Structure formats: structure tokens, C-alpha cells
Amino acid sequence: MNVCLGAAGRSLGRCRGRLVIQAVQGSLLPASDFHQRAGNSPSISKGIDERWDDTAMAGGKAVKGKPAPQRFQGIQFQKSKGQHILKNPLLVQSIVQKAGLKSTDIVLEIGPGTGNLTMKLLEVCKKVVAVELDPRMVLEVTRRVQGTPYANKLQVIQGDILKTELPYFDVCVANVPYQISSPITFKLLSHRPLFRCAVIMFQKEFAQRLVAQPGDSLFCRLSVNTQLLARVFHLLKVGKNNFRPPPKVDSSVVRIEPRNPLPPINFKEWDGLIRLCFNRKNKTLGSIFRQKAVLALIERNYKTFQALQEASGSEVPAVDPSILGDLAEDHSMEVDMNADGDGMEVEEEDGQQGNAYFKEKCLAVLAEGNYEDKRSSKLTQDDFLRLLALFNKSGIHFT
């Protein structure tokens, strides 16, 4: 027996846009079954499709005209964990199309939530591996594929994406929690074997920083480090009203294509140089490498590097590129300057012979590459690679 959550006695045909449930064992009637039993009525089907994601499971309440904006089938979303579910089906379809999936692809989805994107991915690829931290979401996305042809194509891993060892995948498609965007990005880019591409939803400003070019106001360490490892393209702007519950900011979808092969560099050294350069990105490099704090840091690194080299008898090995994702935690190559960012420059009469020596070496390197009067905010990827090579050639290291 079908019961409409409307005024008693109204006909089924007048239940447009209302939730229809099956009064058998208190369970929801699947939308596909309802469409069949209702004779595939276009008006009723339209109403069910529009409201399906807003309904509550048995035991929840549906308030007339006021669907609970922060619940999905009895699940209360937790904004503090970045749970914002993409609800626009056209946008979901567009993301899937821009991923360029093949029928043989294995797709990694990070944070499937209630499965809106997952279901579309399953339609076009060989397999979806979904990593989800919230056990309620794991249960929900698993329920959605039960009894469908896609049940054997979905693998759900419950756990923290940052602590999970990722399996092989061809493409990553995800709407990630914004507060862990950077570590997720660099975890993916350090994954081996390399994947073909990732199509990911980020907070708008984070996405803009990923794709920023030299001279752009948002060009920063994140831009340089990401573009060292991958080509990044902006695909879509996404308004906050496309989510449930809506976040406070707009979003963007980007496409990330890992570079292969990567530059043969020590990534920790690279990160050390980039930290120094972007500590005051609008100052000239000549000014940065005249600062007492910078030169003292370079001197310490020089002595440490020499000691490690003598102990190991070889070059210090390159480290995992995921180190580039530590945008906030690692302060080893950051220096303190005064409030104006000017710092104190080393003068010969200061008596600091060590600093004066390294000042001379640094300025000689900058002069050789014609970088003394240039600013970090204007340098290209090739400029930074050349600058690192020149410093290393002169015996100056940044780790």
C-alpha cells in the first residue's frame, strides 16, 4: 500500500513533489520501483527525483515545505569535517564527462559522501575505489548500490585518506574536504605508479592558487610546487548553492595531470629554496639573500650538508615529493624579518665573517644567473630550477 505524506484522502496523482513511501516494514520504496508502480508518470517521477536527496529515512521527519537542509536520509552533515554534498545532477554529470573516463578505468573517489558522484562514475568505468572516513557515509553509499548492476564494481575503504595506502587507480575524481586540500594534492602526486589525471573540486581560492602563473597576485609556493609535479587546468566554477549544506565560499574544479618524468632534483632542497624566495615574494632576490637571518641559515645548512656528505660518502638522496605538501608544518627554511620585511643586511664592518662569506657567494650566484634584481613572484618554473642548480654548483644547499 502506497501512502502519500500529504492531506488524508488526496489522490496519488495530486502528490506532486511529495515523498511517497511504502508502508511495508517501514522502509522507503526505491525510486525505480515507485516509477514502475506509478505507471512512470512524468509529473510524479519528476517530483521524486527532485526531492529524493532531501528525504529522511524511516524514523526521520519530513516537514511540509521545509526539507531539512543539513540531512540526507537521517544523516546530519558535519561542516567541521568538510561534509558538503554536491546536489546538482548536471554539475555531477559535467565533472564525470571532463574526467574523460574509459570503460577500463579504475577510479579513485575521495569522500564519496552519499554517493551522488559515485553512481555516475560507476556507469562509465570498470571500478570505483571510494575512500570515506565517516562510517555513516560508508553505509549509505553501500546501500545505494545494493541490488544494482554496480554492486560488484564498488569497493569502499573506510579510513583517513591521508593515512590510507592507496591502491592502483587510473583517474581520481573527488570533492575533497577543503581543510586538507594541500596534503591530499601532494599525496596523490607522490603516488606510484602515476595516474593519468585527477579531476578535483577545491575551494575557489585554493584552485586559483594551483593554476596561478608568474605575475598573478595569487602566485605562491603552492603554485610553484604543484606545477613542478603536474600540469594544472581550471575547468569549472561552482557556486556554493550547489552543495548541501552550502559552504561559506565558492568552489572550482581543476584537472591535474602528473608530469612524467619528474625533474631529477632533491625535493627537500627545492622546497627550502622556494620557502626562502616566497618568504617575501615581492622583494628582489638580491635583497633576500643579503639578510643576516637568511645567510645564517645558509651557513648552518652548509655545515650540516658537509657533515652528512662526509658521513655517507655520497650525495644526500632526494626525498619523496609529498614533502612539498607540508605548507604549514615545516618551518625549517623560514626566517624572521622585521614588520616591514626588510630585515638587517650584512655589512662588512659587522665582523660576521661567516655571513659576509656566504653573502658574497650568494650574490655571485645571483649575478651569474642575472637574478639579483628579479622577484620571486615573477620567476618561472625553469628560473627556479636553474637557480637551484646554480646554488648547488656553488656549494650552497637548502636542506
Side-chain angles (χ1 to χ4, degrees), residues 86 89 91-133 137-138 141-142 144-145 148-177 180-202 206-207 210-211 225-236 238 251-263 267 320-322 324-325:
L86 189 60
L91 192 54
V92 170
Q93 186 62 43
S94 180
I95 291 173
V96 174
Q97 290 175 349
K98 290 184 180 298
L101 298 176
K102 304 175 183 177
S103 59
T104 56
D105 282 340
I106 296 176
V107 177
L108 172 70
E109 185 183 10
I110 302 170
T114 56
N116 292 342
L117 180 58
T118 312
M119 299 304 292
K120 290 297 182 182
L121 293 172
L122 288 168
E123 292 177 4
V124 294
C125 69
K126 178 181 178 180
K127 179 182 180 181
V128 172
V129 179
V131 182
E132 174 59 63
L133 179 63
M137 300 297 181
V138 171
V141 74
T142 303
R144 289 190 71 169
V145 298
T148 74
Y150 309 127
N152 294 329
K153 297 173 63 176
L154 176 65
Q155 175 188 353
V156 181
I157 300 174
Q158 182 179 345
D160 185 339
I161 182 63
L162 299 179
K163 300 177 182 178
T164 300
E165 183 176 351
L166 300 180
Y168 172 86
F169 63 94
D170 299 294
V171 178
C172 175
V173 182
N175 171 25
V176 302
I180 55 173
S181 295
S182 179
I184 283 181
T185 299
F186 288 97
K187 181 180 177 70
L188 290 174
L189 290 174
S190 63
H191 179 72
R192 297 295 180 271
L194 289 173
F195 53 94
R196 188 167 74 247
C197 75
V199 175
I200 306 180
M201 180 100 63
F202 290 119
F206 183 87
L210 286 180
V211 302
N225 285 340
T226 305
Q227 293 170 32
L228 174 73
L229 305 177
R231 289 175 288 273
V232 190
F233 309 93
H234 185 274
L235 299 180
L236 294 170
V238 183
S251 305
S252 287
V253 179
V254 301
R255 180 183 176 96
I256 301 174
E257 298 177 357
R259 296 186 187 276
N260 189 23
L262 292 175
F267 293 108
D320 193 294
S322 62
L324 303 184

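Since the structure is predicted, the reported quantities are computational estimates derived from the model, not experimental observations.
Atom-to-atom distance recorded for I95:CD1 and L117:CG is 6.0 Å, nearest 0.5 angstrom. If you take CG on L229 and CD1 on I256, they are separated by 10.0 Å, rounding to the nearest 0.5 Å. For the atom pair CG of L189 and OG1 of T226, the computed distance is 7.0 Å after rounding to the nearest 0.5 Å.
G159 and T164 make their closest contact through C-OG1, 4.0 Å (heavy atoms, listed as atom of the first residue, atom of the second, distance). When every heavy atom of L86 is checked against every heavy atom of N116, the shortest pair comes out as O-ND2, 3.0 Å. In terms of heavy-atom proximity, F195 sits nearest to D170 at CB-O, 3.4 Å. Minimum interatomic distance between F186 and P321 (heavy atoms only, all atoms of both residues): CD2-O, 4.3 Å. Between S252 and H234, the closest heavy-atom pair is OG-NE2, 3.1 Å. The shortest heavy-atom contact between Y168 and H191 is CA-NE2, 4.4 Å.
Annotation: side chain of L122 is in contact with side chain of V145 (closest heavy-atom distance under 4.5 Å). Looking at heavy atoms from C-beta onward, I200 lies out of side-chain contact with V253 at the 4.5 angstrom threshold. Counting heavy atoms from C-beta outward, F267 and N225 have side chains that stay 4.5 Å or more apart. No side-chain heavy atom of V141 sits less than 4.5 Å from a side-chain heavy atom of T114. At a threshold of 4.5 Å between non-hydrogen side-chain atoms, the residues F233 and V199 do not count as touching. Looking at K153 and K126, their side chains never come closer than 4.5 Å, going by heavy atoms from C-beta outward.
A salt bridge (charged side-chain N to carboxylate O under 4.0 Å, His left out) check over residues 154-165, counting only residues at least two apart or in different chains, returns nothing.
Inspection of the N152 and Y150 side chains reveals no N or O donor paired with an N or O acceptor under 3.5 Å.
Residues passing the side chain to side chain contact (heavy atoms under 4.5 Å, CB included) test with K120, sequence neighbours excluded: V92, Q93, V96, E123. Partners of P89 according to the side chain to side chain contact (heavy atoms under 4.5 Å, CB included) rule, which considers only residues two or more places apart in sequence or in another chain, do not exist here. Every residue two or more places apart in sequence or in another chain that forms a side chain to side chain contact (heavy atoms under 4.5 Å, CB included) with K98 is listed here: S94, L235, L236. By the side-chain hydrogen bond (donor to acceptor under 3.5 Å, both in side chains) test, K127 is found to be paired with Q155, residues two or more places apart in sequence or in another chain being considered.
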| request: Let me see the working for L166 and K187 under side-chain contact (heavy atoms from CB on, under 4.5 Å), right down to the final yes or no. | output: CA-CA 9 Å; L166 300 180; K187 181 180 177 70; 4.0 Å; yes
| task | Would you please test M201 and V176 for side-chain contact (heavy atoms from CB on, under 4.5 Å) and show each step? | result | CA-CA 6 Å; M201 180 100 63; V176 302; over 6 Å; no
| said: Would I161 and L133 count as a side-chain contact (heavy atoms from CB on, under 4.5 Å) here? Give the steps. | reply: CA-CA 8 Å; I161 182 63; L133 179 63; over 6 Å; no
| request: For the pair F202 and T185, evaluate side-chain contact (heavy atoms from CB on, under 4.5 Å) and give the outcome as yes or no after the intermediate values. | output: CA-CA 10 Å; F202 290 119; T185 299; 3.4 Å; yes
Anything under 3.5 Å between a donor and an acceptor, one on a side chain of residues 99-110, the other on a protein residue two or more places apart or in another chain? List them.
unit_1	atom_1	unit_2	atom_2	d
D105	OD1	R196	NH1	3.2
D105	OD2	K102	N	2.7
D105	OD2	R196	NH2	2.6
E109	OE1	T118	OG1	2.6
E109	OE2	T118	OG1	3.4

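Remark: side-chain polar atoms of R255 are not paired, donor with acceptor, to backbone N or O of A198 under 3.5 angstrom.
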